[in-house]
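Letters A, B, ... are given to chains in the order of the sequence lines, protein chains preceding strands, and every chain is numbered from 1.
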Protein chains: 2
Amino acid sequence: MVTIKQIADLCGVSRGTVDRVINERGNVKTETRDLVLNVIKKLEYRPNPAGKALSARKNNPVVGILIPAEGNPFFDDVIRGIKTAAEKYEIYGLNILFHTTRGYNIRAQLQILDELKNKINALIISPINDPLIINKINEFVDEGIFVVTLNNDADESHRHCYVGSNYVNGGETAGALLQMIAPPKANIGIIMGSSKILGHRQRLKGFEYSINKNNDFRIIDIQENDDDDICSYDKTREMIIRYPEINALFIVAAGVYGACRAVLSLNRQDNLTILAFDTVPTTIEMMKNHVIKAVIYQHPYRQGQRAMQIIFEYLVNGIDPDKTKHIMKNEIKILENL
Amino acid sequence: MVTIKQIADLCGVSRGTVDRVINERGNVKTETRDLVLNVIKKLEYRPNPAGKALSARKNNPVVGILIPAEGNPFFDDVIRGIKTAAEKYEIYGLNILFHTTRGYNIRAQLQILDELKNKINALIISPINDPLIINKINEFVDEGIFVVTLNNDADESHRHCYVGSNYVNGGETAGALLQMIAPPKANIGIIMGSSKILGHRQRLKGFEYSINKNNDFRIIDIQENDDDDICSYDKTREMIIRYPEINALFIVAAGVYGACRAVLSLNRQDNLTILAFDTVPTTIEMMKNHVIKAVIYQHPYRQGQRAMQIIFEYLVNGIDPDKTKHIMKNEIKILENL
DNA sequence: CTGAAAGCGCTTACAG
DNA sequence: CTGAAAGCGCTTACAG
C-alpha cells in the first residue's frame with residue numbers, strides 16, 4: 001500500500017505538491033510534476049478511499065433525485081434501493097434531496113431541476129427523452145454536477161452514467177419465453193403503454209424480432225393503454241372480444257392489473273397465456289391466482305442501490321465509475337422464484 | 001453527523017473513554033459508562049466507517065479463502081466475484097490467502113484450515129458437512145475469526161454468515177418451470193450429483209415437491225453421476241436407452257455436459273426437454289445448440305462478491321452484518337437473457 | 001511554484 | 001479508571 005507521504009518522501013517534495021499533481025490542481029513546475037507522475041506510476045499508487053472519505057466530510061455533498069414515481073408502483077423498489085443506500089451513506093456526510101413527479105411531465109421535471117440546480121453535487125434522474133430535458137442535463141454537467149440516468153437513459157446527453165436494463169433484450173427474452181410456455185400455435189395480443197416512450201418501443205421491437213422467427217406465432221393486434229389500468233381494462237376487453245382467437249397476451253409495461261381483470265371478466269384466464277413485466281404487488285397477486293404465467297424482472301432494487309453507490313464512490317471516495325452503462329440483466333420470474 | 005469528539009465533549013470525558021465504552025474495552029466506571037451510553041443513544045451516534053477504516057490500516061487484516069473449486073467450473077464466477085472485490089478492498093489494507101481443493105475432500109480441507117488458522121482474521125469457506133469440519137469452524141470462531149460459509153452452508157456450526165442460494169427453492173423453481181416448458185405429459189429422468197451432498201438432496205426434494213402436484217408428470221428414474229462428466233454420459237445413456245419413454249431430463253448439479261453428449265449420441269435432443277443448473281461454458285454451449293432449454297441460475301459472481309463485502313465491512317469498517325443468511329435468488333435463464 | 005500545519009473520525013499505546 | 005498525544009491517508013487554507 002503506497003501512500004501520498006511515501007510518494008512525497010521519494011520525490012523530495014511535500015504531500016501538498018503530490019496532491020496537486022494527482023488531482024490536477026495546477027501550480028506545479030512541469031519537472032516536479034513529471035517526477036511525481038513517474039513515481040506514482042512506478043509504485044502503482046492508488047489513493048485510499050478511506051482517507052478521501054474522511055477529508056470529504058467537510059464538503060457535505062448533496063445528491064438530487066428526480067423520479068416519475070407517483071402513481072407508478074414499479075418505482076417503489078427502485079426507491080427502496082435508493083433510500084437504503086442513502087441511509088448507509090448518510091454517516092459519511094452524503095445527503096439527498098428527493099423529488100418525484102406524476103408521469104412524464106416535461107414542465108414538472110424542468111421546474112424541479114431548476115430548483116435543485118445550485119443545491120446539489122450530483123443528480124439521479126429518470127429523464128424524459130425531450131430536448132428540453134437533455135439541454136438541462138447538459139447544463140448540470142457543465143456546472144460540474146455528476147449526473148446518473150436511472151431506468152431510462154438519455155444517451156444523447158452528456159450524463160456520466162446510465163443504470164438500468166436493456167429494453168430490447170427484455171422484449172426479446174419475453175418473446176423467446178412465450179414461445180416456450182404458450183401453446184404450439186399462438187395468436188398474440190399485445191398491450192403496450194405508449195409508443196411515445198422509448199423503452200416500450202424497444203421492448204416491442206425485441207419481442208417482434210423474437211416472435212417473427214417462428215411461423216407458428218402471430219401477432220394479431222397491438223393496443224396502447226397509456227400505462228393506465230382502466231384504459232388497459234377497456235382496451236384488453238375490446239381486443240379479446242374482437243379477436244377471440246387470441247390465446248396469448250403480452251403486456252409491455254404498466255396496466256397489467258387492468259388487463260388481467262379484463263381477461264378475468266371474460267373468463268378467459270385458463271386458455272390465455274399472459275406474460276408481463278415487473279413484480280408490482282398487483283402483478284404478484286395475479287401470478288398467485290395463476291392468471292399471469294411469468295414476468296420479466298429488471299432488478300429494480302439494485303438499480304436504485306447501484307445509482308446511489310456510483311455517486312457515493314465518486315463524491316465521497318473519489319473513484320470514477322468504471323463504465324458508463326450499468327445494465328441489470330432481465331430475469332424470468334415465475335411464482336416459485338419471485 | 002455526531003462524532004466521538006462531540007460525545008466526549010458533551011459528557012465531559014476524553015475521546016479515549018468514549019471509545020472504551022463504544023467498543024466495550026472495559027476499564028470504565030459504571031457511571032461514566034452509563035452517561036456515555038445515554039448520550040450516544042440520544043444523539044443516535046453512528047460511527048463513521050471512514051474513520052474506522054483509516055485506523056484499521058494498522059491491523060493488516062487477512063481473509064483466508066477455501067473453496068473446492070478445482071475441476072469445478074461453477075466456482076469460476078464465484079472466484080471472479082471474490083477476487084474483483086478483494087482487489088477493490090486491497091487499498092484499505094485487506095489481504096487474502098486463497099486456497100482451493102479438488103472435490104469434497106475432508107482431509108484436504110482440514111489440512112489447509114490448520115495452515116491458515118493463525119494467519120487470518122476472517123475465513124470464507126465452502127465447507128463439507130462433516131463433524132470434523134464443523135468442529136474446526138467452531139474452533140476458528142472461538143478464536144475470534146469471522147467465518148462466512150459460501151455456496152454451501154454449515155448451519156450446525158457457529159459460523160457468522162452464510163452467503164448462497166436456497167437449494168430447495170431452486171429445485172422447486174426447476175420443477176415448476178419444467179411443467180411449463182415440457183410436453184403436457186412428461187416422463188422425467190433425473191441425473192443428480194450425489195445424495196451425499198446436502199444441496200443436491202435439497203434440490204431434488206424441491207423438485208419432487210413441485211412435480212408431485214401434477215398428475216401428468218412422472219419421475220421415471222434417478223441416477224447419480226458424482227459430478228463427473230464421463231460417469232454422467234454413461235448413466236444418462238443407460239437411462240435413456242432403458243426408459244425410452246423419458247422425454248424430460250432434469251440435471252441437478254454438475255455433469256451437465258456429459259449428460260447432454262449422451263442425449264446427442266442417441267439423437268434424442270429434439271424430443272427431450274432438458275433443464276439444468278448454472279451457466280458454465282459447456283452448459284451455455286449446449287443452450288446455444290438448443291440441447292438445453294433453460295437453466296436455474298444462482299448469481300455465482302454476486303455470491304463471491306457479497307462474501308468479501310461482508311468481511312470487508314466487518315473487518316475494515318467495523319460494521320456487523322445485518323443478517324446471518326444472505327440468499328441469492330434462483331433465476332431462470334434461457335439463451336436470450338444469459 | 002511550494003511547504004508546513006491543521007483537520008476529517010477513529011484507535012492505540014503510554015503515562016498517571 | 002482516565003486523559004493527552006500520535007497516527008491512519010487524504011485535502012485545505014495559509015504563508016511565503
Side-chain angles (χ1 to χ4, degrees), chain A residues 1-36 40 43-61 89-94 121 313-319, chain B residues 1-36 40 43-61 89-94 121 313-319:
Chain A
M1 301 308 86
V2 190
T3 69
I4 280 191
K5 188 170 173 349
Q6 290 171 42
I7 306 280
D9 291 350
L10 272 165
C11 295
V13 300
S14 75
R15 301 188 272 153
T17 300
V18 176
D19 177 70
R20 280 177 203 108
V21 173
I22 291 172
N23 297 294
E24 297 173 326
R25 302 189 208 282
N27 290 328
V28 183
K29 220 198 307 172
T30 319
E31 299 149 46
T32 39
R33 201 183 88 100
D34 290 348
L35 172 64
V36 171
I40 281 175
L43 299 196
E44 294 181 356
Y45 169 76
R46 281 170 61 198
N48 184 328
K52 291 215 175 217
L54 216 45
S55 62
R57 270 299 306 270
K58 301 167 221 160
N59 301 346
N60 275 108
Y89 300 140
E90 197 185 356
I91 185 63
Y92 292 88
L94 189 65
N121 308 95
E313 296 197 333
Y314 179 79
L315 247 34
V316 177
N317 284 342
I319 299 173
Chain B
M1 300 305 84
V2 189
T3 69
I4 281 191
K5 188 170 174 347
Q6 290 171 42
I7 306 281
D9 290 349
L10 271 165
C11 295
V13 300
S14 74
R15 300 187 273 156
T17 300
V18 177
D19 178 70
R20 280 178 203 106
V21 173
I22 291 172
N23 298 293
E24 295 171 329
R25 303 188 206 284
N27 292 326
V28 182
K29 220 198 308 173
T30 318
E31 301 149 45
T32 37
R33 202 183 86 99
D34 290 347
L35 173 62
V36 171
I40 281 175
L43 300 196
E44 294 182 355
Y45 169 77
R46 281 169 61 197
N48 183 329
K52 292 217 176 214
L54 216 45
S55 63
R57 269 301 304 272
K58 302 166 219 159
N59 302 346
N60 277 109
Y89 300 140
E90 198 185 355
I91 185 65
Y92 292 88
L94 188 67
N121 309 92
E313 296 197 332
Y314 179 78
L315 247 34
V316 176
N317 285 342
I319 299 173

How close or far is atom C1' of D/dG9 from atom CD1 of B/I91, stated in whole angstroms? 9 Å
Can you tell me the distance, in whole Å, between the CG atom of B/N59 and the P atom of C/dT11? 10 Å
Does B/Y45 place a side-chain N or O at less than 4.0 Å from the phosphate oxygens OP1/OP2 of C/dC10? yes
From the list D/dG3, C/dT11, C/dC10, which nucleotide is the closest neighbour of the side chain of B/D19? C/dT11
Return no unless some side-chain N or O of B/T17 is found under 4.0 Å from OP1 or OP2 of D/dT2. no
Selection from D/dG3, C/dG3, C/dG9 that lies nearest to any side-chain heavy atom of A/V13: C/dG3
Hey, is the side chain of A/R57 poking within less than 4.0 Å of OP1 or OP2 on C/dG9, counting only N and O atoms? yes
Would you mind reading off the distance between A/I7 atom CD1 and D/dT11 atom P, rounded to a whole angstrom? 13 Å
For the pair made of CD1 in B/I22 and P in C/dT11, what is the distance, rounded to whole Å? 7 Å
Round to the nearest Å and state the distance from A/K5 atom NZ to D/dT11 atom C1'. 16 Å
Rounding to a whole Å, what distance do you find between B/R20:CZ and D/dC1:P? 11 Å
Let me confirm one number: the CG-OG1 distance from A/L43 to A/T3, rounded to the nearest 0.5 Å. 10.0 Å
Considering every strand and a 4.0 Å limit on heavy-atom distances, what is the contact class for A/P49: base, sugar-phosphate, or nothing? nothing
Nearest listed nucleotide, side chain of A/K58, among D/dG3, D/dT12, C/dG9: D/dT12
Side chain B/N48, main chain B/A50, donor-acceptor under 3.5 Å: yes
From A/R57 CZ over to A/I91 CD1, what is the distance, rounded to the nearest 0.5 angstrom? 6.5 Å
Could you tell me whether A/G12 contacts a base, only the sugar-phosphate backbone, or nothing, with contacts defined as non-hydrogen atoms closer than 4.0 Å? sugar-phosphate
On the nucleotide D/dT11, are OP1 or OP2 found under 4.0 Å from the side-chain N or O atoms that A/K52 carries? yes
Looking at D/dT11, I'd like to know if its phosphate oxygens (OP1 or OP2) sit under 4.0 Å from a side-chain N or O belonging to A/R15. no
Please determine whether any donor N or O and acceptor N or O are separated by less than 3.5 Å between the side chain of A/R46 and the base of D/dG9. no
Starting at the 5' end of DNA chain D, which residue's closest nucleotide do you reach first, B/L54 or B/N27? B/N27
In this structure, CG of B/L35 is separated from CG of B/L10 (nearest 0.5 Å) by 9.0 Å
Side-chain touch A/V18/A/Y45, heavy atoms, less than 4.5 angstrom: no
Let me confirm one number: the CD-CE distance from B/E90 to A/M1, rounded to the nearest 0.5 Å. 4.5 Å
What does A/R25 touch in the nucleic acid at a heavy-atom separation under 4.0 angstrom: a base, only the sugar-phosphate, or nothing? sugar-phosphate
Distance in Å, B/L315 CG paired with B/Y92 OH, rounded so as to fall on 0.5 Å steps: 14.0 Å
Assess the residue pair A/K5 and A/D9 against the criterion (salt bridge (charged side-chain N to carboxylate O under 4.0 Å, His left out)); give the C-alpha distance rounded to whole Å, side-chain angles, the decisive distance to 0.1 Å, and a yes or no. CA-CA 6 Å; A/K5 188 170 173 349; A/D9 291 350; 3.2 Å; yes
With nearest nucleotides of DNA chain D determined for B/G26 and A/N23 from heavy-atom distances, which residue corresponds to the more 5′ nucleotide? B/G26
Supply the atom-to-atom distance B/R15 CZ to B/I22 CD1, rounded to the nearest 0.5 angstrom. 12.0 Å
For a stem of at least 3 consecutive Watson-Crick or G-U pairs with distances under 3.5 Å, i pairing with j, i+1 with j-1 and so on, which stems involve DNA chain C? C:1-3 with D:14-16, C:5-12 with D:5-12, C:14-16 with D:1-3
Check the phosphate of C/dC10 against B/S55, side-chain N and O only, distance under 4.0 Å to OP1 or OP2. Yes or no? no
Atom CG of A/D9 and atom C1' of C/dG3 are separated, to the nearest Å, by 13 Å
Answer yes or no: does a side-chain N or O of A/N48 lie under 4.0 Å from OP1 or OP2 of D/dC8? no
Starting at atom CG of B/N317, determine the distance to atom P of C/dG9, rounded to an integer number of angstrom. 16 Å
